[in-house]
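These figures come from a predicted structure and were not determined experimentally. Convention: sequence-line order gives letters A, B, ...; per-chain numbering from 1.
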2 protein chains.
Amino acid sequence: MTDMNQTPPAASLAEGIAAELRDRITGGILRPGQRLSEAALAADLVVSRNTLREVFRLLTREGLLTHLPNRGVSVAVPSMAAVLDIYRVRRLIEVPAIANARPRHPAIGAMAAAMAAAQDARGRGDWQGVGSANMRFHAAIVELADSPRLTSFFAQLTAELRLAFGLIDDPQELHGSFIDTNADLLAALQAGDTQGAADRLTAYLDQSERLVLEAFARIELR
Amino acid sequence: MTDMNQTPPAASLAEGIAAELRDRITGGILRPGQRLSEAALAADLVVSRNTLREVFRLLTREGLLTHLPNRGVSVAVPSMAAVLDIYRVRRLIEVPAIANARPRHPAIGAMAAAMAAAQDARGRGDWQGVGSANMRFHAAIVELADSPRLTSFFAQLTAELRLAFGLIDDPQELHGSFIDTNADLLAALQAGDTQGAADRLTAYLDQSERLVLEAFARIELR
DNA sequence: CTGGCAATATTGTTGAACAATGCATCTATA
DNA sequence: TATAGATGCATTGTTCAACAATATTGCCAG
C-alpha cells in the first residue's frame, strides 16, 4: 500500500492549492494583513493565475482572505468584532450540541482521540499541536449534532479563529490550560451527564474568549 | 438619480454572474439536476469560461451546484436529508434569535416590511413573491442576533431551501398559509412577548418542514 | 508643501490551446 | 446475439499570453 496518509489526493488542483494556502494561513506562514500578489504566488505555487484566482474566491468566501476589488487579496485581519461574533456563534452551536448529545454517539470517540492527541502534544511541548487537537475536539462536539451543514460551517469558523490565535504571542497560555477542563467535559459526557458537560463547555468558551480578547487588547495598544 | 435599484453594481463581473445564476436557480429557470455545460453557459452569459468557472466554485461551495470532477457541474438536487438538516439548523438559529431579541431592534422593522411585501404579493396572487418575502422575513429574524456570520450562513441555507421549494408544484399551499401565522409572530414580538413569538416560530418551522417533506415524498414516488 | 499628471504595476477578463478524462459508438469474437 | 475491447468525440482541467481597467508611485509645477 502506498502512502494514502495525510493528504487525500485532492480532487482537483484548485482544491489542493486551497488546502495548501489554508495551511499556510492558519499555520502562520502568511501573516494577517499580508498582501498576496497573484503573479508572485502563482509562480511560487506553480499554478496559473487563473487557477489561483479560483482558489482566492474560495478562501475569500471562507473568510480567510479579504478581497478588495482592483486591489487584490490579502490575508484577513481578525478584528475584535470578529472574535466576539465567532464565540457567540460557537456558543449557539456547541452548547446545544453537547446538551442534546445521544449517549453512544460515534463523535464521542473522536473527542477522546483529539483529547489524547492534545495531551500527547503537550507532552512534547508542541503548543501549535495542542491548538490543532483542541480545535478537532470541538469539531467533534459539533458532529454530535449530526448536521453536515453545521459541521462545515463550524470548520469555517475554526479556520478564521485560528487566524486570530496566530496573532497571539504565547500559545501555551492560550491552549495549555484547557486540556484538563476539556478532559472533565469529556468524562462528564461519557458518564451521560450532558448538563454537566454543557456547563463545562460554557465555562471553557467564556474563558477562552476572554483570553483571546485580552491578548487582542494588548496587541491593539502597541 | 439613475436606477440604483435591485442590483447593486456588482463589484466584479464574477459576482454579478454569480448573482444572476443564483437567481436562475432559485427562480426555477434552471431545474435541479440539470447539467451546466461550461461552453454553452459561458456563451449564454457572455463571459469567458474562466470567469464562469470562478462562479461555479462559488456556487458549489454555497450548495447550489454539484461538482463532479471531470464531469462538470449540475444544479444540486435537494434530498430529504438536506431538507431535514436545513430545518434542524433553522430551528437552532432562528428560535434563539427570536427568544433573545432586543426589544426595539431595527431588524423588527425589516420583518414588518417583509410581512407587508408578502401580503401585497398575496393580493396579486404572486406566490413566488410571497415565498421571497417570507424568506426575507426569516432572514430578518436571524438579523436579530446581530451576527454577520450567522446572517450569511442563513442566506446560504435559504438559497438551498428555495431549490427544494422549486420542486414543489403548488406554491400556494407552501407559502400561502403562513402569512397569518407570521403576522401573529410579529405582533407578539412587537408587544415584547418574545416567548410567544418563539413558540409561534417553532410551530411554523414544524409545519413548514412537514409540508416540504410530504411534497417530497409525493415526488419521489412518481 | 501641495495638487495634479504622467508612468508604472497590478488586477480583471478574455480567447485560444492542449492534455486528461469520461462517454458513446463500433467492431470483432465467442 | 451478446459482450469485451478498441476507437473517436465531446467536455472538463489547466495553462498561457494578451489587453483593458484600475490603483499606486513618482515627478513636476505652482
Side-chain angles (χ1 to χ4, degrees), chain A residues 2 4 7-25 29-77, chain B residues 2 4 7-25 29-77:
Chain A
T2 59
M4 39 150 285
T7 314
S12 89
L13 179 58
E15 252 3 282
I17 296 294
E20 166 68 24
L21 263 189
R22 227 175 271 131
D23 285 350
R24 289 198 190 181
I25 294 170
I29 299 175
L30 298 174
R31 311 288 307 180
Q34 181 172 341
R35 174 85 176 290
L36 301 184
S37 149
E38 291 189 358
L41 195 54
D44 185 29
L45 295 166
V46 201
V47 292
S48 75
R49 265 182 72 208
N50 284 319
T51 301
L52 185 58
R53 284 175 119 269
E54 289 187 24
V55 174
F56 279 174
R57 282 255 142 71
L58 254 320
L59 300 188
T60 298
R61 167 98 14 181
E62 284 177 31
L64 289 180
L65 298 181
T66 301
H67 174 105
L68 300 100
N70 291 313
R71 302 215 264 140
V73 307
S74 38
V75 180
V77 181
Chain B
T2 61
M4 41 150 283
T7 314
S12 89
L13 177 59
E15 284 311 324
I17 297 293
E20 166 69 23
L21 264 189
R22 228 175 269 130
D23 284 350
R24 289 198 190 182
I25 293 171
I29 298 176
L30 298 173
R31 311 290 304 181
Q34 181 172 341
R35 174 84 176 290
L36 301 184
S37 149
E38 291 188 0
L41 194 54
D44 186 28
L45 295 166
V46 201
V47 292
S48 75
R49 265 182 72 209
N50 284 319
T51 300
L52 184 59
R53 283 176 120 270
E54 289 186 25
V55 174
F56 279 175
R57 281 255 140 71
L58 254 317
L59 300 189
T60 298
R61 169 127 327 220
E62 286 177 28
L64 288 180
L65 298 180
T66 301
H67 173 102
L68 300 101
N70 290 312
R71 301 213 262 144
V73 307
S74 38
V75 180
V77 181

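When each of A/Asn50 and A/Gly72 is assigned the nucleotide of DNA chain C bearing its nearest heavy atom, the one mapping closer to the 5' terminus is A/Gly72. Sequence order on DNA chain D of the closest nucleotides to A/Leu52 and B/Ala39 puts B/Ala39 first from the 5' end.
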Exercise answer: donor-acceptor pairs, residues 64-72 of chain A side-chain atoms, under 3.5 Å, sequence neighbours excluded:
none

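Nearest approach of A/Ser74 to A/Gly33, heavy atoms of both residues: CB-O, 3.8 Å. The minimum heavy-atom distance between B/Ala76 and B/Pro32, with the atom names listed, is O-CB, 3.5 Å.
A sub-4.0 Å separation between OP1 or OP2 of D/dT12 and a side-chain N or O of B/Arg35 is present. Phosphate proximity of C/dG12 to B/Thr51: absent, as no side-chain N or O sits under 4.0 Å from OP1 or OP2.
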Take nucleotides 18-25 of chain C nucleotide by nucleotide from the 5' end and write B, S or -, depending on whether a protein heavy atom sits under 4.0 Å from the base, only from the sugar-phosphate, or from neither.
---SSS--
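Counting only heavy atoms from C-beta outward, the side chains of B/Arg31 and B/Val75 never approach each other to under 4.5 Å.
The distance between atom CG of B/Leu13 and atom C1' of D/dA20, rounded to the nearest whole Å, is 13 Å. The separation between B/Arg53 atom CZ and C/dT14 atom P is 15 Å, rounded to whole Å. The CD-P distance, from A/Glu38 to D/dT15, rounds to 14 Å in whole Å. Distance, A/His67 NE2 to C/dT10 C1': 12 Å, rounded to whole Å. The distance between atom CG of B/Leu41 and atom C1' of D/dT12, rounded to the nearest whole Å, is 14 Å. The nearest whole Å value for the distance from the CG atom in A/Leu68 to the C1' atom in C/dT10 is 13 Å. Put simply, CG on A/Leu36 is 14 Å from P on C/dT10, counting in whole angstrom units.
A/Ile17 comes within 4.0 angstrom of no nucleic acid atom, judged by non-hydrogen atoms across all strands. The residue A/Val46 sits close only to the backbone: its heavy atoms come under 4.0 Å of sugar-phosphate atoms, none of a base.
A/Leu52 CG to A/Glu38 CD: the interatomic distance, rounded to the nearest 0.5 Å, is 6.5 Å. Expressed to the nearest 0.5 Å, how far CG of A/Leu45 lies from CG of A/Leu21 amounts to 5.5 Å. Between the CG atom of B/Leu36 and the CZ atom of B/Phe56 there is a distance of 5.0 Å, given to the nearest 0.5 Å. Here the OG1 atom belonging to A/Thr60 is positioned 11.5 Å from the CZ atom belonging to B/Arg61, to the nearest 0.5 angstrom. Taking CD from A/Glu20 and CD1 from A/Ile25, the interatomic distance works out to 10.0 Å, rounded to the nearest 0.5 Å.
Direction of the helix axis in the helix from C/dC1-D/dG30 to C/dA30-D/dT1 shifts by 0° between the two five-pair termini, rounded to 10°.
Residues that satisfy the side-chain contact (heavy atoms from CB on, under 4.5 Å) test with A/Thr51, not counting sequence neighbours, are A/Leu13, A/Ala14, A/Val47, A/Ser48. Taking the side-chain contact (heavy atoms from CB on, under 4.5 Å) definition, one finds that B/Asp44 meets it with B/Arg24, B/Leu41, sequence neighbours left out.
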Expected rows: protein N/O vs nucleotides 4-6 of chain C N/O, under 3.5 Å:
none

